[in-house]
Amino acid sequence: MRIPNLLELYHKLLNHFGSQHWWPGDSPSEVIIGAILTQQTAWKNVEKAILNLKKEKLLTVEGIANADIALLQKLVRPAGYYNQKSKRIKNVCKYLLKKYDANLDTFFDRDIKAIRNELLDMNGIGPETADSILLYAGNLPIFVVDAYTIRVCKRLGIKIGDDYEEVQRFFEKNLSKNEKSISKKVKLYNEYHALIVALGKNYCKNKKPLCEMCPLVDVCDYGRGIKHMKKRPQKYSNNN
DNA sequence: ACCCAGGTGGCCC
DNA sequence: GGGCCACATGGG
């Protein structure tokens with residue numbers, strides 16, 4: 001079966017799911033905090049944590065940076081991994097406050113590669129979180145890859161490895177043929193990643209082939225890629 | 001009672 | 001440079 005080009009795929013997804021209006025947050029600082037909180041966690045749980053922080057008026061770089069760690073742990077708790085995440089958002093905010101005086105315009109107003117490397121140097125920020133911050137908080141043109149992106153590609157029969165940057169280049173290279181302007185790129189990358197998440201959540205679960213209701217079944221080899229699926233290790237002691 | 005969620009860092013080899 | 005594993009709450 002023919003593999004559709006990535007822009008065609010995008011329009012099918014947009015047509016099916018509609019615009020996703022990402023990022024669901026109304027300030028760059030909220031996006032940065034949320035990007036860390038949502039790691040390996042359902043957004044629904046992150047919303048509760050965000051709301052807790054909001055009620056305490058802590059949803060700013062300065063607020064988090066100066067907040068008591070025990071309080072942060074309490075507020076962030078619904079988002080899971082609350083010990084790590086409270087520490088991570090505090091450290092990141094302290095860094096941004098100290099080095100950029102909490103001015104995110106200054107932070108984002110540089111070469112994108114330089115900002116990305118700086119983000120990657122912060123503890124708790126890996127490639128996906130860094131790119132989410134660049135794209136959704138900084139409005140910079142970088143394609144965000146996540147577990148769904150790789151899973152969906154494999155289900156579609158697109159030959160692709162597991163390497164983050166490799167998948168990212170694949171998308172950016174393909175889409176650059178269609179879109180040259182920076183601002184349009186940002187808009188396209190923004191919507192595309194959100195649509196892939198929507199697709200994944202609804203039709204491309206782990207350990208299952210593409211659901212037959214999937215809007216892409218007509219363009220993909222249904223069920224292909226099932227052999228690539230690997231369960232993510234999820235065992236750790238939970239003595240409660 | 002499972003399985004999973006918009007990952008990341010720290011080990012070990 | 002890959003292959004495990006810990007991290008944790010809440011929903012299906």
Side-chain angles (χ1 to χ4, degrees), chain A residues 13 17 19-25 30-53 69-70 72-92 95 116-138 142-153 155 161-168 171 189-211 213 226 228-240:
Chain A
L13 292 173
F17 292 107
S19 179
Q20 301 296 300
H21 307 291
W22 272 29
W23 188 283
E30 184 171 341
V31 175
I32 294 171
I33 311 297
I36 294 170
L37 293 182
T38 198
Q39 290 167 357
Q40 190 62 23
T41 300
W43 180 254
K44 202 81 192 181
N45 292 343
V46 179
E47 281 181 328
K48 295 173 189 165
I50 299 258
L51 195 63
N52 287 342
L53 292 166
I69 191 70
L72 287 180
Q73 286 170 352
K74 194 178 94 183
L75 301 174
V76 157
R77 189 158 195 269
Y81 303 138
Y82 58 89
N83 289 311
Q84 293 191 64
K85 285 178 178 175
S86 54
K87 195 191 296 174
R88 287 173 178 180
I89 59 175
K90 184 162 163 100
N91 284 340
V92 167
Y95 177 87
R116 188 173 198 268
N117 287 332
E118 194 172 356
L119 285 166
L120 291 175
D121 280 340
M122 304 183 200
N123 187 279
I125 298 187
E128 183 184 340
T129 307
D131 292 341
S132 296
I133 290 171
L134 291 167
L135 179 62
Y136 293 107
I142 193 149
F143 194 88
V144 178
V145 174
D146 69 341
Y148 285 132
T149 312
I150 293 172
R151 197 186 303 162
V152 165
C153 283
R155 298 285 208 292
D162 289 330
D163 182 70
Y164 185 99
E165 270 81 13
E166 190 185 318
V167 177
Q168 182 172 58
F171 272 85
Y189 292 171
N190 176 321
E191 194 68 61
Y192 208 150
H193 174 65
L195 286 168
I196 288 175
V197 172
L199 172 68
K201 277 205 247 202
N202 290 289
Y203 300 108
C204 195
K205 291 299 195 181
N206 217 359
K207 295 211 308 197
K208 285 185 184 149
L210 270 181
C211 168
M213 300 299 291
I226 189 86
H228 297 294
M229 284 181 281
K230 215 166 67 177
K231 191 182 142 11
R232 184 165 197 37
Q234 178 91 18
K235 36 176 186 239
Y236 51 88
S237 47
N238 190 2
N239 315 325
N240 290 330

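Letters A, B, ... mirror the listed sequences (proteins, then strands); counts begin at 1. Computed over heavy atoms, backbone and side chain alike; hydrogens, waters and symmetry mates excluded.
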Would you check if A:Gln84 and A:Gln39 make a side-chain contact, meaning some heavy-atom pair closer than 4.5 Å?
no
Of A:Cys204 and A:Leu120, the one whose closest nucleotide on DNA chain B sits nearer the 5' end is A:Cys204
Measure from CG on A:Asn83 to P on B:dG9 and round the result to the nearest Å.
17 Å
Close side-chain approach of A:Leu37 and A:Val76, heavy atoms under 4.5 Å:
yes
What is the distance from CD of A:Gln168 to P of B:dG7, rounded to the nearest Å?
15 Å
Phosphate contact (B:dA5 OP1 or OP2) by A:Tyr148 side-chain N/O below 4.0 Å:
yes
Atom CZ of A:Arg88 and atom P of B:dG9 are separated, to the nearest Å, by 6 Å
Whole-Å distance separating the CG atom of A:Asp162 from the C1' atom of C:dG2
11 Å
Over all strands shown, is A:Gln84 touching base, sugar-phosphate only, or nothing at heavy-atom distances under 4.0 angstrom?
base
Give each protein N/O atom lying under 3.5 Å from an N/O atom of nucleotides 10-13 of chain B, with the pair distance.
none

Roughly, in whole Å, what's the span from CH2 in A:Trp43 to P in C:dA8?
19 Å
DNA chain C contacts among residues 30-37 of chain A, heavy-atom distance under 4.0 Å:
none
Is the phosphate of B:dG7, meaning OP1 or OP2, less than 4.0 Å from a side-chain N or O of A:Thr38?
no
Value in whole Å for how far the P atom of C:dA8 lies from NZ of A:Lys74
18 Å
Distance check, P atoms only: B:dC3 and C:dC5, in whole angstrom units.
15 Å
Rounded to the nearest angstrom, tell me the gap between atom CG in A:Leu72 and atom P in C:dT9.
17 Å
Using only side-chain N and O atoms of A:Gln40, determine if any of them is under 4.0 Å from OP1 or OP2 of B:dG7.
yes
Interatomic distance at P, C:dA8 relative to B:dC11, whole Å
16 Å
Using a cutoff of under 3.5 Å, can you pull out all pairs of nitrogen or oxygen atoms linking the protein to nucleotides 10-12 of chain C, with atom names and distances?
| from | atom 1 | to | atom 2 | distance (Å) |
| --- | --- | --- | --- | --- |
| C:dG10 | O4' | A:Asn45 | OD1 | 3.2 |
| C:dG10 | O4' | A:Asn45 | ND2 | 3.0 |
| C:dG10 | O3' | A:Lys48 | NZ | 3.4 |
| C:dG11 | OP1 | A:Lys48 | NZ | 2.6 |

Between C:dG11 and B:dT8, how far apart are the two C1' atoms, rounded to whole Å?
23 Å
Just how far, in rounded Å, is P of B:dA5 from CG of A:Asn202?
12 Å
